[in-house]
Amino acid sequence: MRRCYLVCYDIRDPKRLRGVHRVVKGFGAAWQFSIFFCVLKPIDRVRLQAELEEEMNLNEDQALIIDMGPDEDDARTAVQTIGQSLPGLDRGMLVL
């Protein structure tokens, strides 16, 4: 069963930052530059963490993977935005 995650990161080195951004972009949609919304199967959640750990310096960098539950609509409505709205959901395409 898929679950929704909010993935945020703070990377101190520009080269590692680009690598982490590329990794997370492969798993979800950017809500802000370093904040992504991902809908993942359990195996993809494990893959995401493993790939992040490879790109990051675990002594200097930080990433958060926040579980927002199984219902995508509920997860999206649980987020309060101030200012520009979040990008819309494109239900017409599924990338595997």
Side-chain angles (χ1 to χ4, degrees):
M1 172 178 226
R2 294 178 188 262
R3 294 187 67 83
C4 302
Y5 297 93
L6 199 62
V7 181
C8 315
Y9 52 85
D10 182 15
I11 308 299
R12 304 206 181 233
D13 176 76
K15 183 178 178 183
R16 290 194 311 267
L17 175 62
R18 287 189 296 276
V20 167
H21 183 80
R22 180 183 35 79
V23 166
V24 182
K25 187 176 177 181
F27 287 90
W31 277 4
Q32 291 185 348
F33 183 73
S34 62
I35 301 174
F36 283 75
F37 182 76
C38 305
V39 182
L40 305 172
K41 294 178 184 178
I43 189 67
D44 294 326
R45 163 63 178 79
V46 171
R47 284 182 43 232
L48 169 62
Q49 182 171 341
E51 290 184 32
L52 285 174
E53 289 174 352
E54 287 179 20
E55 290 290 333
M56 295 170 58
N57 177 329
L58 300 179
N59 294 318
E60 295 180 8
D61 304 328
Q62 183 182 57
L64 304 174
I65 302 174
I66 302 165
D67 189 336
M68 296 181 70
D71 188 292
E72 187 170 351
D73 291 330
D74 285 349
R76 286 178 174 274
T77 58
V79 175
Q80 176 69 47
T81 61
I82 300 170
Q84 294 182 355
S85 63
L86 296 171
L89 175 62
D90 181 7
R91 293 189 186 266
M93 177 177 27
L94 177 64
V95 178
L96 299 175

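Here, residue 1 is the first one in the sequence, and each next residue gets the next number. Values in this document were obtained by computation on a predicted structure and should not be read as measured data.
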S.K.: Only distances under 3.5 Å count here; give the side-chain donor-acceptor pairs of residues 15-22 to other protein atoms, sequence neighbours excluded, each with its distance to 0.1 Å.
M.R.:
from	atom 1	to	atom 2	distance (Å)
R16	NE	D61	OD2	2.7
R16	NH2	E60	OE1	3.0
R16	NH2	D61	OD1	3.1
R16	NH2	D61	OD2	3.4
R18	NH1	P14	O	3.4
H21	ND1	Y9	OH	2.8
R22	NH2	E55	OE2	3.2

S.K.: Take I35 and F37 through the test side chain to side chain contact (heavy atoms under 4.5 Å, CB included) and record every step on the way to the result.
M.R.: CA-CA 7 Å; I35 301 174; F37 182 76; over 6 Å; no
S.K.: Do Y5 and L40 have side chains that approach each other closer than 4.5 Å (heavy atoms only, starting at C-beta)?
M.R.: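 Counting from C-beta outward, Y5 and L40 do come under 4.5 Å.
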S.K.: For Q49, what residues pass the side-chain contact (heavy atoms from CB on, under 4.5 Å) criterion, not counting sequence neighbours?
M.R.: R45, E53, I65
S.K.: Cluster question for you: counting only ILVMFWY and a side-chain heavy-atom cut-off of under 4.5 Å, with indirect links fine, are L64 and V79 together?
M.R.: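 Same cluster: L64 reaches V79 through Ile, Leu, Val, Met, Phe, Trp or Tyr contacts under 4.5 Å.
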S.K.: Could you pull out the closest heavy-atom pair between C4 and A75, with the gap in Å?
M.R.: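 Of all heavy-atom pairs spanning C4 and A75, the closest is CB-CB, 3.8 Å.
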S.K.: Mind checking whether L48 and V23 have side chains closer than 4.5 Å, heavy atoms only?
M.R.: yes
S.K.: Test of understanding: with salt bridge (Lys or Arg N to Asp or Glu O under 4.0 Å), list the residues that count as partners of D67, not counting sequence neighbours.
M.R.: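 Partners of D67 by the salt bridge (Lys or Arg N to Asp or Glu O under 4.0 Å) criterion, ordered by chain and then number, come out as R3.
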S.K.: Restricting to pairs with a member in residues 25-36, which pass side chain to side chain donor-acceptor pair (under 3.5 Å), not counting sequence neighbours?
M.R.: none
S.K.: Looking at K41 and D44, does any basic side-chain N land under 4.0 Å from a carboxylate oxygen?
M.R.: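 No.
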S.K.: What residues, two or more places apart in sequence or in another chain, satisfy side-chain contact (heavy atoms from CB on, under 4.5 Å) together with S85?
M.R.: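 In terms of side-chain contact (heavy atoms from CB on, under 4.5 Å), with neighbours along the sequence ignored, S85 is linked to no residue.
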S.K.: Show the nearest heavy-atom pair for residues Q62 and I11, with the distance to one decimal.
M.R.: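 Nearest pair, atom of Q62 first, then I11: O-CD1, 4.2 Å.
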